[in-house]
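Okay, structure first, notes after.
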Amino acid sequence: MNKSVFIAAALAVALTACGDSGKQAADAKAASDKAAAAAKEASDKAATAAKDAGNAAMQAGQAASDVDRRLEGLAQGTAQLRS
């Protein structure tokens with residue numbers, strides 16, 4: 001992700017250095033800006049996915065804890081019936 005930003009920036013510098021044309025420089029800057037925006041969007045999506053995965057893991061842990069408590073209660077009830 002950051003690699004693409006550096007590549008776009010290097011491309012922009014190379015195109016600017018190779019030609020004196022203002023249009024080439026503007027095109028290179030536009031490409032660099034577009035790559036930076038795409039990298040930021042991908043980063044934001046990855047952060048959201050990680051947050052969602054963390055929330056899901058926390059909910060799964062709570063559900064497993066609830067099941068464990070219920071099974072423990074059931075085992076105690078069964079032990080009392082047997083005695």
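In this chain, residues are counted from 1 in sequence order.
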- Item | Donor-acceptor pair, side chain of Ser32 and main chain of Ala28, under 3.5 angstrom | no

- Qualifying salt bridge (charged side-chain N to carboxylate O under 4.0 Å, His left out) pairs, either residue in residues 70-82, two or more places apart: none

- Note on the structure: The side chain to side chain donor-acceptor pair (under 3.5 Å) partners of Lys45 (sequence neighbours excluded) come to Glu41

- Pairs flagged by salt bridge (charged side-chain N to carboxylate O under 4.0 Å, His left out) wherever residues 46-69 is involved - sequence neighbours left out: Asp66-Arg69

- Task: Would you confirm whether Thr48, through its side chain, and Asp44, through its main-chain N or O, come within 3.5 Å as a donor-acceptor pair?
- Result: yes

- Under 4.5 Å between side-chain heavy atoms, chaining through other members, with only Ile, Leu, Val, Met, Phe, Trp and Tyr counted: pull out the rest of the cluster around Leu71, sorted by chain and number. Val67

